[in-house]
Amino acid sequence: MSQDKHKEFTFSVTIHSEEYALISSMRGLAFYCQGEISKQISWGNTKEKDWAKAGRKAKFHFSRQNYRDNFIREAQNLFRDGLWRIEGIPSNNDPARPAD
């Protein structure tokens, strides 16, 4: 996948959860919410080893702000409070990077 596509995915949100099963479920939700082009970029670098290395956090990227906002809204509806939280402030200028 070209680096150019990754640069389009600048809207990010970092999720913290002690449960990788929840992060794994959010990977599917990110794919669903991305809506168009290269959906797999939205959950890139969120494998279990990435999550563990990042201190039990996973960063999801989207090509449009409304896709990211929909991801957050859907996560709030689907996943119980206390099992996850948004870490920091979502960014509008954080390009995705190709998977390691």
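Keep in mind that this is a model prediction, so the values were computed, not measured.
- Shown here for Ser17 and Trp84, the closest heavy-atom pair between the two residues is CB-CB, 4.1 Å.
- Side-chain contact between Phe71 and Met26: present, with at least one pair of heavy atoms (C-beta onward) separated by less than 4.5 Å.
- In this structure, Ser38 and Ile41 have side chains that are in contact, with non-hydrogen atoms separated by less than 4.5 Å.
- For the pair Thr10 and Asn92, the minimum side-chain heavy-atom distance is 4.5 Å or more.
- Here the closest heavy-atom approach between residue His61 and residue Ser12 is recorded as CD2-CB, 3.5 Å.
- Contact detail for Thr46 and Ile23: the closest heavy-atom pair is O-CG2, 4.2 Å.
- Every pair passing salt bridge (Lys or Arg N to Asp or Glu O under 4.0 Å) that includes a residue from residues 17-37 is listed here, sequence neighbours excluded: Glu18-Arg56, Glu36-Arg64.
- For the side-chain hydrogen bond (donor to acceptor under 3.5 Å, both in side chains) with Lys59, the qualifying choice from Asp50, Thr14, Asp94, Asn45 is Asp94, the only one to do so.
- What you find for Phe62 and Ala30 is that their closest heavy atoms are CE2-O, 3.7 Å.
- The two residues Pro95 and Lys7 have their closest heavy-atom pair at CB-CA, 4.2 Å.
- Of all heavy-atom pairs spanning Ser63 and Gln34, the tightest one is OG-NE2, 2.7 Å.
- Aromatic rings from Phe11 and Tyr67 are positioned such that their centres are separated by 6.0 Å or more.
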